[in-house]
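Labels below follow one simple rule: chain letters A, B, ... track the order of the sequence lines, proteins then strands, and each chain is numbered from 1.
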There are 4 protein chains.
Amino acid sequence: MAKRTGEKYEAIIDAAVRVIAKYGYHQAQVSKIAREANVADGTIYLYFENKDDVLISLFNEKMGSFISDVETALDKISSPVEQLRELIRLHLAYLENDHQLAIVTQIELRQSNPEVRKKIGLILKKYLEVIDQVIQSGVEQQLFRSDFDSRTARRMIFGTIDETVTSWIMKDCKYSLMDQVDPILRLFLGGVGK
Amino acid sequence: MAKRTGEKYEAIIDAAVRVIAKYGYHQAQVSKIAREANVADGTIYLYFENKDDVLISLFNEKMGSFISDVETALDKISSPVEQLRELIRLHLAYLENDHQLAIVTQIELRQSNPEVRKKIGLILKKYLEVIDQVIQSGVEQQLFRSDFDSRTARRMIFGTIDETVTSWIMKDCKYSLMDQVDPILRLFLGGVGK
Amino acid sequence: MAKRTGEKYEAIIDAAVRVIAKYGYHQAQVSKIAREANVADGTIYLYFENKDDVLISLFNEKMGSFISDVETALDKISSPVEQLRELIRLHLAYLENDHQLAIVTQIELRQSNPEVRKKIGLILKKYLEVIDQVIQSGVEQQLFRSDFDSRTARRMIFGTIDETVTSWIMKDCKYSLMDQVDPILRLFLGGVGK
Amino acid sequence: MAKRTGEKYEAIIDAAVRVIAKYGYHQAQVSKIAREANVADGTIYLYFENKDDVLISLFNEKMGSFISDVETALDKISSPVEQLRELIRLHLAYLENDHQLAIVTQIELRQSNPEVRKKIGLILKKYLEVIDQVIQSGVEQQLFRSDFDSRTARRMIFGTIDETVTSWIMKDCKYSLMDQVDPILRLFLGGVGK
DNA sequence: CATGAATGAGACTTCATTCAT
DNA sequence: TATGAATGAAGTCTCATTCAT
């Protein structure tokens, strides 16, 4: 039933990002998104199943292009260390370049209902798998140690970057995320211990 | 006006944890919490300002006792490495011992409105400061390196543990969190690199 | 946001008059008014800000058309004495012709909250000014004495008519208000003294 | 069951006047009145049937002593004109001397529910009868005309004085009501006409 | 007599979704 | 395709009253 493509499909998603970033998740009513997208309320239901579908699609579109970008970039890099650096860099760059998207995915969308969060989790999984691959390459190429569980490491990597972005937003995006790339990478590689 | 202490105060908070864990944040109506606590709806308003206040108080009480426990435990430990291990252990133990509380603080309460999330953020800050102190001790005692920003390290530590717990809940608390303590500690200390 | 015009706008106001007249101010719930107007509860909020706005609009619409009628009628009359008679007549006729409206404005709406009463007071002010003009004309044309304060006279005129209508309602509108026009006019003009 | 006399009975009524005058009818909760009277909430129910009974008793006590004062005063005066003047004077003086009582009886209590207003109406009736007697005396002594309906005149007298006090309160009791006695009397006796 | 903690019924308002045009 | 007016379910909080102490 829902069209899921076309000019208005994108207009609605982009309007949703702007509205949620500006007003917050709980004040982002369908009618507000429709007005921002210059369509009628009902039109949204020609392109999306329901409101949740708008949010999930939003995350899917943005995350999809992000993952695609990451995969393309990592393919060109052979060193797992450099891949890890690039992954951190792209993750931070992507959100630093679009504050609104950062606010939406990092803060607002996490207030959504279990249904939406579940779907978001599935989408995120693909990204986590990319992280896994980088770790595995490092281990295989004997550049990383092999005495850790890769899932634990993956949680460290994702959890740290995620927390970094959240902190940055909470402090109103006042400093540069790019400056964090190497410090984070160094901690990932060498830890805090001597 | 609100009493904020007494037998029923605690009964209501505990009922709120159970109800939110069972039904989810959006299905945790005041009337449901009241019934679970064996009090009348109106009684809740003798002990709390409003529904938000119940949620904030819940987080405050639980987090408060957790932070207090952590501080007490760390005081008895001189080695920053062991302090860090104990911090990870207590964090994971606290939530592993109370699955319901874990679900509420880790998943459900994050769906709450900005007002509540803001207050929760302030409460969390105290915990982050404890982490900071451990890091600083490690640096001062020259057991940790000094070429990293302590805030970056703090975000790694908190972000990693937080992501670990969230993953664990998402997988229905099927494995033991305690087994993660040392692996996480090792990553914090030595990183993934060789 | 609220539309404030249209077929349903009027239907809701008229339904409100009927419901308040029948059940009283405190038993005139939004849902009851909606049902009486054959609209959904939510529809009321497409035409009015909130419930208070319905009540204020009700008074404003009815009083507005009344004042307009009075002004039109008085414009056609040159004699202040006849103007005064017409004013009394219209005031009584208007409410005698619509018992429900009489009950609502005279009895029920006076139980409303301060917010509503304040707005009602402002609307009433316009009517009091019309009374003032009649008095002033009478004085200027030397048909009325000039040794009284016009505000005192205005309070006499309004207070007397108002009390007359209230008494009439309290006695279940059993007698004719029209019969009171000349007796009241005569008292206004000549007082009780010889 | 309700005691209806005693030190606390009066304390509660006086507290009710103060609370209603200060906070308004809709913010005058039983608990607030109890606190103001320095008694427990439950104590009020030892002296009054319910909250309505407090309000009715309040009006009854205050109005009762007022009517009694008026009757005593009028008994000492033989001239109906002077009786009328004294009635106006006492009515205005009584309320000018107690702004809080004026606000409560003139504004706030009129927002009460039909039950209370009905009882208040019955109490008021006695006062209206006093006015009737003055009019009748005037007519009998041929000082007043006899070509008017005494009920119409009574409504003029009560309505005018009532409106005068209400206006005065609405303008924050800024001017002296006593100055209005003779102007009002003159209008009652001679009207506005020449 | 006095207390005051506890009760629980009841209503305004929002907003995702539909469907006649 | 597109519109947008209309729908109606559902939840927080207040406060008069009670009754065990």
When you measure from the centre of the six-membered ring of Y23(A), is the NZ or CZ of K32(A) under 6.0 Å away and within 45° of the axis? yes

Could you check how far NE2 of H26(C) sits from P of dA11(E), rounded to whole Å? 12 Å

For the residue pair Y9(C) and F48(C), categorise the inter-ring angle as parallel (less than 30°), tilted (30 to 60°) or perpendicular (more than 60°). parallel

Could you give the CG-to-C1' distance, from L46(B) to dG8(E), as a whole number of Å? 12 Å

Got a salt bridge between D14(A) and K62(A), using NZ or NE/NH1/NH2 to carboxylate O under 4.0 Å? yes

Indicate whether OP1 or OP2 belonging to dC15(E) is found under 4.0 Å from a side-chain N or O atom of K32(A). no

Return the pairing partner of dA20(F) with a 3.5 Å limit on both distances, Watson-Crick or G-U wobble; otherwise return none. dT3(E)

Distance check: side-chain N/O of Y45(C) vs OP1/OP2 of dT7(F), anything under 4.0 Å? no

Residue pair G42(C)/N38(A) against DNA chain F: nearer the 5' end by closest nucleotide is N38(A)

Let's test this: given Watson-Crick or G-U wobble pairing with both distances under 3.5 Å, identify the partner of dT14(F). dA9(E)

Indicate, with a heavy-atom threshold strictly under 4.0 Å, whether Y47(C) touches base, sugar-phosphate, or nothing. sugar-phosphate

Among dT1(F), dT3(F), dT17(F), find the nucleotide with the atom closest to the side chain of K51(D). dT17(F)

Determine, stepwise, if the pair L46(A) / V39(A) fulfils side chain to side chain contact (heavy atoms under 4.5 Å, CB included). CA-CA 11 Å; L46(A) 298 174; V39(A) 299; over 6 Å; no

To the nearest angstrom, how far is N113(C) atom CG from dC12(E) atom C1'? 13 Å

T43(C) vs T43(B), nearer the 5' end of DNA chain E by closest nucleotide: T43(B)

Any base atoms under 4.0 Å from K8(C), or only sugar-phosphate, or nothing? Heavy atoms, all strands. sugar-phosphate

Taking for each residue the nucleotide of DNA chain F bearing the nearest heavy atom, is the 5' side occupied by N50(D) or by V39(C)? V39(C)

Under 4.0 angstrom, heavy atoms only, what part of the nucleic acid is V30(B) near: base, sugar-phosphate, or nothing? sugar-phosphate

